[in-house]
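Here is the naming used below: chain letters follow the sequence lines, and residue numbers restart at 1 for every chain.
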Amino acid sequence: MVVLASVSCSNSVVQAIGEQNPDVILITHQHGCDHAGADRQQVLRTLTGTCNNPNVCGVLLVGLGCEGIGTSDIAKGIDPRGRIVKKLEIQAIGDIEQIVNNANKKLKHIKEFAAKQKRVTFDINELVVGLECGASDPFSGITANPVVGAVSDRLVAQGATTILSEIPELVGAEPILEKMIKDRKVRECLFEKIEKYVEFAKQAGNDIRGTNPTPGNIASGISTLEEKSLGAVIKGGHSVIIDVIDYAKVPTKKGLNIMDTPGNDAESVTGMVSGGAVVVLFTTGLGTPLGNPVAPVIKISSNTKTYNSMNSFIDFNAGRIQDGENFEAVVDDCFDLFIDVCNGKKVKAEENKCREFAINRIGPTF
Amino acid sequence: MDSLKDLSDYIVVLEGKENVGTSLKEVPAGLYNYKDSTIVVKENMKSGFKIALIDIKKGEPVIKYGFEIGRATTNINQGEIVHTHNIKGAI
């Protein structure tokens with residue numbers, strides 16, 4: 001059950017509603033007005049996509065009234081099947097007490113609807129799963145990412161959809177990615193998106209291709225740019241890359257997809273969940289609390305030291321491989337945890353109410 | 001005679017998919033058991049570095065996790081470290 005601000009001007013009102021309704025999930029953000037063109041479409045798509053995530057059964061949209069992306073714009077794009085959507089406009093009601101009362105009434109309906117939901121069994125092939133790495137260390141590419149890749153391969157083999165992201169991390173991996181893509185159009189689309197980030201970086205004075213691997217990478221054993229990027233690519237395992245999709249778009253083909261997201265963790269995870277990812281597998285070397293408001297983010301540490309020191313935030317330790325455990329056995333356990341989470345087990349990010357939400361912007365705010 | 005340590009305890013290799021193993025911890029130089037045979041680790045290795053599991057000829061691909069990460073720029077012997085001095089990427 002979600003209370004979503006359609007625009008940043010609604011944020012404090014959303015917080016006030018949340019104080020009287022601790023059992024709902026609040027989503028506030030920095031956007032919703034003064035966007036144009038493809039950037040506006042992307043912001044709208046991300047907000048709508050969040051509401052359309054299968055994990056969401058009820059939404060109260062809180063709008064100001066005059067914003068560029070209004071509650072009606074968002075509501076129009078929300079699939080009403082299995083979902084209840086309510087709206088309120090701050091300017092239409094005016095008084096803060098009346099606004100909160102109005103919200104409470106609407107949330108009561110949403111909660112009654114939510115209480116009637118029953119758990120049903122469905123097949124793994126219905127799942128869409130996000131793959132992410134953040135706060136990486138030299139072991140991320142050696143332990144945790146290959147484990148996630150193996151889990152992704154198992155899911156894809158059973159008909160599910162997984163989403164690899166973070167395009168800037170794929171720079172240099174083109175020779176590797178080429179072999180994973182059968183469709184020429186998909187390959188061209190991906191390489192275009194990679195080149196776009198190389199150009200952005202150049203404009204900002206940063207030559208990604210020329211300065212990688214960095215001296216720090218080389219000192220920790222990375223020998224070529226492909227190898228560095230392989231550390232990221234391996235999260236997708238060895239499955240064929242079936243499609244490349246825009247930020248916050250819902251995959252149309254089952255299998256391993258690549259979504260155009262930046263390396264920024266909050267924006268990347270938000271994009272994949274808005275595209276329908278119901279669970280995210282997130283590897284980390286140094287540890288990060290990052291979660292998402294509407295999807296469980298399973299944290300997988302690359303090493304035992306971080307698993308222990310950041311245990312409040314980490315669900316699984318792939319550092320067991322470094323400690324000598326068999327790779328396949330660790331993959332088995334990770335897969336089992338993944339299934340448990342799908343069946344309702346809460347992850348640390350949920351227990352800690354880590355609900356980071358960030359929209360990737362592709363244009364200026366006016 | 002002390003029994004030999006097993007190199008599998010020190011490196012990660014995806015079965016049948018590569019000609020280098022990546023060290024998970026420091027690997028002191030010396031003789032190790034590996035699969036049905038032995039390997040001589042030619043020099044001390046830090047963690048995160050690669051060791052040739054078989055001889056790799058100049059120009060041949062270096063395969064890690066099932067993907068080619070570059071080509072050997074010189075003949076590499078089994079047990080040698082594979083790094084910037086003997087491998088080059090495509091870029």
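With a 4.5 Å cut-off on non-hydrogen atoms, Ser47(B) touches chain A through its backbone and its side chain both. With a 4.5 Å cut-off on non-hydrogen atoms, Lys64(B) touches chain A through its backbone and its side chain both. At a 4.5 Å heavy-atom cutoff, the contact between Leu230(A) and chain B is made by side-chain atoms alone. Looking at Val82(B), the atoms closer than 4.5 Å to chain A (heavy atoms on both sides) all sit in the backbone: N, CA, C or O. Neither the backbone nor the side chain of Pro138(A) has a heavy atom closer than 4.5 Å to any heavy atom of chain B.
Annotation: ring-ring contact (aromatic ring centres under 6.0 Å, His included) contacts involving residues 50-70 of chain B, sequence neighbours excluded, comprise His238(A)-Phe67(B). Among residues at least two apart or in separate chains, there is no ring-ring contact (aromatic ring centres under 6.0 Å, His included) pair with a member in residues 132-170 of chain A.
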Decide yes or no on side-chain contact (heavy atoms from CB on, under 4.5 Å) for Thr143(A) and Val12(B), but give the supporting numbers first. CA-CA 8 Å; Thr143(A) 56; Val12(B) 60; over 6 Å; no
Would you please test Glu68(B) and Ile176(A) for side-chain contact (heavy atoms from CB on, under 4.5 Å) and show each step? CA-CA 7 Å; Glu68(B) 179 180 324; Ile176(A) 291 172; 5.9 Å; no
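Nearest heavy-atom pair across Gln322(A) and Leu24(B) is NE2-O, 3.0 Å.
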Listed pairs under 3.5 Å, donor-acceptor, residues 309-318 of chain A side chains, sequence neighbours left out:
residue	atom	partner	partner atom	Å
Ser309(A)	OG	Lys305(A)	O	3.3
Asn311(A)	OD1	Lys348(A)	NZ	3.4
Asn311(A)	ND2	Tyr307(A)	O	3.1
Asp315(A)	OD1	Lys348(A)	N	2.9
Asp315(A)	OD2	Lys299(A)	N	2.9
Asn317(A)	OD1	Ser301(A)	OG	3.0
Asn317(A)	OD1	Gly319(A)	N	2.8
Asn317(A)	ND2	Thr304(A)	OG1	3.1

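In this structure, Lys5(B) places its NZ atom where only 12 or fewer heavy-atom neighbours from other residues, nucleotides or ligands lie under 6.0 Å away. Residue Lys46(B) places its NZ atom among 12 or fewer non-hydrogen atoms of other residues, nucleotides or ligands, all under 6.0 Å distant. Around NZ of Lys25(B), the count of heavy atoms belonging to other residues, nucleotides or ligands within 6.0 Å exceeds 12.
Summarising the geometry, atom NE2 belonging to His85(B) is positioned 8.5 Å from atom OG belonging to Ser223(A); distances are rounded to the nearest 0.5 Å. One distance of note links CD1 of Ile69(B) with NZ of Lys228(A); it measures 14.0 Å at 0.5 Å rounding. For the atom pair Thr22(B) OG1 and Ile222(A) CD1, the distance stands at 8.5 Å (nearest 0.5 Å). Atom CZ of Arg71(B) is separated from atom CD of Glu226(A) by 10.5 Å, given to the nearest 0.5 angstrom.
At distances below 3.5 Å, not a single donor-acceptor pair connects side-chain atoms of His83(B) with backbone N or O atoms of Ala219(A).
Heavy-atom neighbours of chain B within the stretch residues 148-168 of chain A, taken at a separation under 4.5 angstrom, are nonexistent.
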